[in-house]
Each structure stands twice: as structure tokens, then as C-alpha cells.
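Only one structure is covered here, and it is reproduced in the block below.
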Amino acid sequence: MSLSDHPKAYGTAALTAAFAAGILVTLGFKDFYPDLERRYQLQRKENKPRTSTSDSRRRSSVFFGGGGPVFLEDHDTPETTPSIVDGIEGCIGNTPLIRIKSLSEATGCDILAKAEFLNGAGMSPKDRVALNMIQKAEEQGLLVPGRGDTIYEGTVGSTGISLATLAKARGYHAHICMPSDQSSEKVDLLHHLGATVERVTPAPIVDPNHYVNIARRRAAEHNASSETPSRGFFADQFESEANYEAHMLTTGPEIYAQTGGKIDAFVAGAGTGGTLSGVTRYLKVEKQLTNLRAVLADPYGSGGYNRIRSGVMYSPTEKEGTRRRSQVDSIVEGIGINRVTLNWKAGEKFVDDAVRVTDEQACRMARWLVQHDGIFVGSSSAVNCVAAVVTALGMPRGSVVVTVLCDPGMRHLSKFYKRVKDLGLEENEEEESKHVVVADKNNEGDLVASLGIEEALKVKRRGGGRSREEEE
């Protein structure tokens, strides 16, 4: 008797066979599942389909087997979590590159600014320098945490603030010598950071009582004392290779990565020369951007402009090495140089041009940035931006010009921003806005008029912006 003669028996046998086959398939799929799951998740990450949580749950219930529950997560939500950095040192570097919209739209070039005021220790590019100087000193045994060592430095403010902050973080004291004509905000901040502040009368570098020379002397006096095992370390930012090397190792590579290597000009001021030299050397030498135009932004009273344009660092009345007055005759703090430092020399031959900026032009730029972009920065940043605009107006439309925003405006209220106010730039803003064409209309004439850079622009268009090689 065959099963076909008994339909019920046939159905029962078929059901039993199907059940047994299901068990065998399931057992086999159990071994195959992990690889399938991995492939599935990889495919989801590549395609990132938009699916609902309920869809995901339904898919997870289809596949089953041994080894515990299966979870097919929805990866549409980013899996990244904020990273944890080790100490305040971890907040230094990787600053944003900001497109300054008003300046870019008015000049027809992309004017990008490295937001160094967002460094987390001293809120300036000097954070990079201070950290590198300290680390190198520790490697050489010149600084030992917990021994009571003191870091001595002569500075107009920003380097001192960075050193004072990092000194506390790494177990040192800080003794800062600075000219007495610097803004009171910087002095107050240094005091609050626990640094010893020694304010001295402004003097030229050839004077033994120049603030740098006093800092060097204080470190030597510390080391000559036998009262404690502690040591004094003179940071010497002007002559330390750790200065420009910090920018070769960090700032330059960051700018290159952020622009994808598409950069036509780099514009920066020089206080020690470290930022300009380090970034320019990295871009021109390491990355071979031979067409890059490196431009010095220089305030009046500084010798850098003449050094780049004429090869000699002098003023109309004084030759190099003979001046007996203050270093820089300008309200601008942080940049301006009247001697050839090691850091200046490291990059001087790679600098193509220089733009000289008046105090009034810097004040007008500072106010412009607040009014049009909500950017509130200090005097050296304003000088950099004026020079970036002059540089951009002398280049083809669409060029990429990178500059530096050095420190926040809060450190310049009592001096620089007082001058901004005295010039009447903060008065009658509503009336003033009626006469200033908004930058997004691409009207470079109104930008030039507002910043008072007509003469600088004329010089550029006469060909004064050519490199020394071109002029020769």
C-alpha cells in the first residue's frame, strides 16, 4: 500500500520531513550566521540606508540561532563620542580654519583665518610654542617637574600667558618680564595665573634693561644661587628653534590638510618670526608649494617691512643695530620686529612680500570684523587681516589667502580698543551702515574705503607687491 492511497498519512510524512529539514538548515545556518551578520553590517555602513527602528527590529527577528540574541543596530546616528584629552595640553592645536565671509565676498578671494585664539591654554599661537619649548627642556633635563624650577621669559604678553598656564599644569613656576606699556588685561591675567610679573621700562634690545635681557639675567641669577636644588630655565622664544619648529610640526600641517593643499598665499605678522617662518617653511619646503606667496604683515615702527623689501632692517633715520628707542612705534601688540632673530632668519628667504599697516587701518579692520562677521580679536589679528585683504586684491579672483587670528579682543580693551573708540568707529553704527555697502555685494571699493587702505592698494596695483626676484 502506497502513501498515495492514504492522503492523511502522506501529509503527516511530508510535514515530518519538512520539520526535520528545517532543523538541519537551522543548525547549518547557525555556523554561517556570524559571517553573514558581519557582511550585513559592513554593507549598512557603506550604504547607510534610512530605516526605522521598527524595521531594524523586524530584521533582527528573521535570523535566529544559538550564541545569544542578535542585535542589528541602526547606524544612521553617528557612533563617534567626544574624545578625552590628557590635561590642558590636549587642548592645544587642531584649531579651525575660518572663512571670513565679508572679506572673502568683497575681495573675490577666499580669505581663511587660522583661529589660534581657540587654543585652550593661553588662547594664542604661543600655546604651541610654549608647549614645545617646555617639552624640549624636559627632554634635556633643564626642567624637572616638582623640583621647584622656574621658567623665565621676556615677552609682550601672549607667550608669557601660555608659559604661565602650562607651567602650572606641568609643575613649574613662571617669572615673566614685560614692557610696562602693554595692556593691563595681560598683566592682570598673568597675576591670576600665579606668575611673577616684572614690568620694565621699554628699551631697545641693545640695552641691558630690555625685558628679554632682564629675563635672561634672572634665570642666570636663579641658577647661581645655592639655596635650593631648583633651576631656572630661560625660554628665549626669540632665539629658540623650538619656536618655529612648533609651527612646522603642527600649524603648517594643519593648514595644508584643512585647505587640501590649495593655498595661494600665507599672510602673517612677525613678533619673533616663528609663525611666519615655521608655516612658510613647511608649505614651501616640505610640501613643495613653490607658487605660494608668503607675505609679512607689519605695523609701522617695525623693521620687517624694510627688511623684506630692501634687505636691510632700518628706518629712514636709523640704520640696523644703532637705534636707541622702543622696539616698535605702534599701538599694535604682539608683532613688529627690529632685529634679525634666529626664528626670523629661519624663514626670511621664503618670504616674498610685505604689507605695512597703520594703527588706524588696524583699528578699522578690528571694527569691521565685529560689525560684519562677529569676530572679536586683538590688534595683531587686525593687522594680519588688513594685509590679507591687500594681498587678495592683488591676486586673481578665486585665490585662497590664509592668515592668522592670534588672540581674543578681551586682552586689548584698555589700549587698542580704546583707540578704536577714540577714533569714533563705534559711534553712530546705524547711520554708518547706510553708507557702507554690505560686503556680500562684492563691492571691493567700499571695503577699501571703510578700511582706509586706498594707498596700500595703489601700491599693489602699481606693482609694488612683486617679489624681490621679480623686481630684480
query = Between Y172 and L143, does a side-chain contact (heavy atoms from CB on, under 4.5 Å) hold up when you go through it step by step?
reply = CA-CA 8 Å; Y172 308 114; L143 285 173; 3.7 Å; yes

Among all residues two or more places apart in sequence or in another chain, which pass the salt bridge (charged side-chain N to carboxylate O under 4.0 Å, His left out) test with [X]?
{"X": "E116", "value": "R128"}
{"X": "K345", "value": "none"}
{"X": "E360", "value": "R364"}
{"X": "R217", "value": "none"}

Which atom pair, heavy atoms only, marks the closest approach of [X] to [Y]?
{"X": "Y305", "Y": "A354", "value": "CE1-O, 3.5 Å"}
{"X": "V85", "Y": "C91", "value": "CG2-SG, 4.3 Å"}
{"X": "N384", "Y": "V404", "value": "ND2-O, 3.0 Å"}
{"X": "V383", "Y": "D298", "value": "CG1-N, 4.2 Å"}
{"X": "S240", "Y": "A235", "value": "CB-O, 3.8 Å"}
{"X": "L163", "Y": "A130", "value": "CD2-CB, 3.7 Å"}

Would a distance-only check, ignoring hydrogens and angles, find a side-chain to backbone donor-acceptor pair under 3.5 Å from [X] to [Y]?
{"X": "S399", "Y": "P396", "answer": "yes"}
{"X": "S330", "Y": "V332", "answer": "yes"}
{"X": "E153", "Y": "G160", "answer": "no"}
{"X": "S381", "Y": "V377", "answer": "no"}
{"X": "S414", "Y": "S183", "answer": "no"}
{"X": "N338", "Y": "M313", "answer": "no"}

inquiry  = The test is side chain to side chain donor-acceptor pair (under 3.5 Å); show your working for N343 and T272 and say whether it passes.
reply    = CA-CA 6 Å; N343 282 278; T272 63; 5.0 Å; no

query = Does atom CG of D422 have more than 12 heavy-atom neighbours from other groups under 6.0 Å away?
reply = yes

Side chains of [X] and [Y]: do they bring a donor and an acceptor to under 3.5 Å?
{"X": "D127", "Y": "S162", "value": "yes"}
{"X": "T159", "Y": "Q237", "value": "yes"}
{"X": "H247", "Y": "T275", "value": "yes"}
{"X": "H175", "Y": "E198", "value": "yes"}

Rounded to the nearest 0.5 Å, how far does [atom2] of [Y] lie from [atom1] of [X]?
{"X": "L112", "Y": "T259", "atom1": "CG", "atom2": "OG1", "result": "8.0 Å"}
{"X": "F233", "Y": "I151", "atom1": "CZ", "atom2": "CD1", "result": "7.0 Å"}
{"X": "H173", "Y": "T150", "atom1": "NE2", "atom2": "OG1", "result": "5.0 Å"}
{"X": "I263", "Y": "K287", "atom1": "CD1", "atom2": "NZ", "result": "13.0 Å"}
{"X": "L283", "Y": "Y256", "atom1": "CG", "atom2": "OH", "result": "9.0 Å"}
{"X": "S158", "Y": "D407", "atom1": "OG", "atom2": "CG", "result": "4.5 Å"}

message = Cation-pi check for F350 against R281: NZ or CZ below 6.0 Å from the six-membered ring centre and within 45 degrees of the axis, yes or no?
response = no

Between [X] and [Y] (salt bridge meaning N to carboxylate O under 4.0 Å), is one present in this structure?
{"X": "R99", "Y": "D110", "value": "yes"}
{"X": "D353", "Y": "R309", "value": "yes"}
{"X": "E333", "Y": "K415", "value": "yes"}
{"X": "R170", "Y": "E89", "value": "yes"}
{"X": "K136", "Y": "E241", "value": "no"}
{"X": "R218", "Y": "E221", "value": "yes"}

task = Only counting residues at least two apart or in another chain, list the ones meeting side chain to side chain donor-acceptor pair (under 3.5 Å) with Y417.
result = none

Can you check whether [X] reaches [Y] side chain to side chain, under 4.5 Å on heavy atoms?
{"X": "P179", "Y": "V156", "answer": "yes"}
{"X": "F238", "Y": "N243", "answer": "no"}
{"X": "E426", "Y": "V370", "answer": "no"}
{"X": "T107", "Y": "V389", "answer": "yes"}
{"X": "S302", "Y": "I337", "answer": "yes"}
{"X": "D264", "Y": "V401", "answer": "no"}
{"X": "N209", "Y": "V200", "answer": "no"}
{"X": "K114", "Y": "I255", "answer": "yes"}

request  = Please step through side-chain contact (heavy atoms from CB on, under 4.5 Å) for the pair T95 and E254, ending with a clear verdict.
outcome  = CA-CA 8 Å; T95 54; E254 288 173 25; 4.1 Å; yes

request  = Kindly write out the residues that satisfy side-chain contact (heavy atoms from CB on, under 4.5 Å) with R231, not counting sequence neighbours, or none if the list is empty.
outcome  = R147, D149, N223

task = Verify ring-ring contact (aromatic ring centres under 6.0 Å, His included) between H222 and Y152, making sure each step is shown before the conclusion.
result = CA-CA 10 Å; H222 185 141; Y152 294 86; 5.8 Å; yes

inquiry  = Set out, in order, the CA-CA distance, both residues' side-chain angles and the distance that settles side-chain contact (heavy atoms from CB on, under 4.5 Å) for E185 and M410, then state yes or no.
reply    = CA-CA 8 Å; E185 290 87 359; M410 288 81 77; over 6 Å; no

key: Criterion side-chain contact (heavy atoms from CB on, under 4.5 Å) on W368 and L451, from CA distance to verdict   = CA-CA 8 Å; W368 174 280; L451 299 182; 3.9 Å; yes

inquiry  = As a quick check of understanding, evaluate side chain to side chain donor-acceptor pair (under 3.5 Å) for D373 and S102, giving each step before the final call.
reply    = CA-CA 7 Å; D373 299 276; S102 70; 2.4 Å; yes

request  = Run the numbers on R307 and E348 for salt bridge (Lys or Arg N to Asp or Glu O under 4.0 Å), then give the verdict.
outcome  = CA-CA 9 Å; R307 179 75 180 188; E348 178 183 9; 2.6 Å; yes

